[in-house]
Amino acid sequence: MKKFAFITLLTAITYLANGQITVPTNKTFVDIIPNPAIAQFGNPKSAFTINANTLIYVQNDSLINSANFLKDYIQKNYNRTLQISSTKRAQNTINLISQTTFQNFKDSYSLTATETGITINGNSAAGVFYGTQSIIQLLPTAKSSILKIPAITIIDYPRFDYRGMHLDVSRHFFDVAFVKKYIDYLALHKMNYFHWHLTDDHGWRMEIKKYPKLTEIGAWRDGSIIGLWPGKGNEGIKYQVLPNEVKITPSDAVIKTDGIKHGGFYTQEEIKDVIAYAAKRYITIIPEIEMPAHSMAALAAYPEFGTEPTKKYEVAQTWGMMNKYNNVFAPTEKTFKFLEDVLTEVMDLFPSQYIHIGGDEASKVWWRQSLATQQMMKANNLKDENALQSYFIQRIEKFVNSKGKTIIGWDEILDGGLAPNAIVMSWRGEKGGIAAAKENHKVIMTPETKLYLNHAQFVKEDSLTAAKLLTLETVYNYDPIPTELTPAQSKFVWGAQGNLWSEYIANPAKAEYMIFPRLDALSEILWTPKEKRNYPDFQKRLKTQLKRYDLMGITYSRRYLEN
Ligand code: ACM
């Protein structure tokens with residue numbers, strides 16, 4: 001973490017070059033989210049105006065992504081077309097340059113705007129991209145022909161290397177056009193990882209050439225439960241604040257479904273296109289293939305990989321994990337071969353170093369009651385089903401590692417012993433993350449009480465959500481570094497991630513409604529130096545951001561405009 005005691009901007013720049021930084025704790029009302037580390041306005045008379053002749057200069061080809069993104073944003077929102085050039089010009093230019101000045105500050109950038117132009121200097125192409133996102137947030141929030149940028153100097157860098165957001169496309173399918181929009185939203189907030197939850201009980205969403213039934217059968221379900229789980233609508237179910245979860249046992253469940261076919265999937269060509277789109281925004285896509293549980297869609301297509309191979313499995317129509325419905329993969333050689341084939345296609349397609357293999361909520365009942373599984377456990381000296389879960393994950397890890405890649409798993413992968421090189425995504429609170437960090441494993445924090453953006457944001461919502469409450473302020477006040485970790489252990493906290501499970505999110509507008517503005521709060525947790533976090537200040541800056549969302553046509557709750 002960086003040390004601080006602010007003197008002047010120039011000093012700060014020198015410190016940055018020397019590998020130290022000084023963060024001022026005085027308030028800066030630059031309406032940028034996430035709040036930059038250092039920002040100082042210049043002379044108000046020296047604002048820069050973008051006009052029809054303004055040029056975007058790129059010092060080298062690696063910066064063209066940033067230039068194009070800025071150009072497209074200005075074109076789309078203000079109907080002004082700027083030219084991009086690799087020839088320098090003294091006046092009326094937005095200069096994008098990358099000089100490796102701030103070597104100790106990964107993806108840092110400086111931005112200076114005066115009346116003659118703007119210069120962004122990043123220590124990487126990603127740093128320059130983050131600078132262009134700050135320019136975007138300095139532009140007018142209404143359609144305007146006068147595009148003024150105030151005179152300003154910014155020095156900025158991320159606090160965490162992993163700044164993630166997840167999207168569940170299994171419970172409800174979102175098309176490529178929306179996934180790209182979602183990626184743009186992440187880019188605007190300087191996020192750098194998109195966790196694409198591609199498979200689950202309710203739908204398999206990625207074309208796998210070797211197993212076509214995964215999408216022919218597994219991508220479609222015959223209905224979805226009506227209302228809140230277990231399908232009785234909202235009647236009689238009260239929203240309760242965690243940790244007092246609504247208690248409904250599987251035996252109470254009366255499943256009512258709408259009988260409407262739902263589904264969809266991405267072809268490998270579409271996925272390639274989305275990966276390239278994200279890469280131009282410096283966002284890595286981490287694909288998730290769930291195992292050993294959350295596998296009903298796969299089992300509906302290939303029942304031979306379940307613990308009851310003669311059963312007619314169905315793509316699940318009801319949410320939640322209920323033993324009655326949610327079967328798991330059987331730990332047979334045939335299943336491992338299938339999973340390795342699937343992962344091979346996934347790893348061939350996704351350049352990400354990291355592959356998420358799920359690992360959560362595997363009901364042990366299926367393995368317990370399967371004779372073949374019990375025999376397999378005996379043969380492999382596995383004393384119980386937790387040991388089998390660990391064996392399962394470690395075996396998959398070995399395979400993924402053999403291709404030079406690293407697995408990420410939900411914190412249940414700690415049960416029965418952690419796979420040697422695995423990264424843990426801590427969702428059942430921070431306990432799993434803390435335990436993994438203490439074992440020197442990288443950790444991504446995503447505790448459900450703090451970062452599940454599918455939970456209700458108000459006590460009373462006007463549409464259905466998960467029956468748990470997560471306010472904007474709660475998100476804002478979350479810090480990914482648990483107090484019980486020593487500084488050395490804290491280094492294993494790679495960052496944090498917001499999750500958007502889509503049981504009650506059936507369309508893009510609802511997805512936007514759920515992430516905005518809690519994504520803003522999340523981005524500030526992940527990017528801004530901790531000593532600069534200040535909720536009242538954030539709320540002020542948010543007002544401008546919400547106006548920008550109006551300009552961009554983004555859906556969010558108007559209740560945030562009320563105070
Ligand atoms: C999870 O929410 N089951 C990771």
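Only this structure's heavy atoms are used, side chains among them; waters, hydrogens and symmetry mates stay out. Start at 1 and go down the list; that is how both ligands and their atoms are numbered.
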Trainee: Students should find this: residues with any non-hydrogen atom under 4.0 Å from ligand 1. What is the answer?
Mentor: D360, E361, W410, W427, Y452, W501

Trainee: Tell me every residue that passes side-chain contact (heavy atoms from CB on, under 4.5 Å) with T199, counting only those two or more places apart in sequence or in another chain.
Mentor: W204, I289, E290

Trainee: Can you name the ring pair (Phe, Tyr, Trp, His ring centres under 6.0 Å) partners of F173, sequence neighbours left out?
Mentor: Y266

Trainee: Tell me whether the rings of W501 and W410 are parallel (<30°), tilted (30 to 60°) or perpendicular (>60°).
Mentor: tilted

Trainee: Please identify each residue that fulfils side-chain contact (heavy atoms from CB on, under 4.5 Å) with N192, with sequence neighbours left out.
Mentor: Y130, R163

Trainee: Is K431 paired with D411 through a side-chain N to carboxylate O contact shorter than 4.0 Å?
Mentor: no

Trainee: If you measure from the Lys or Arg side-chain nitrogens to the Asp or Glu carboxylate oxygens, is any gap between K180 and D184 under 4.0 Å?
Mentor: no

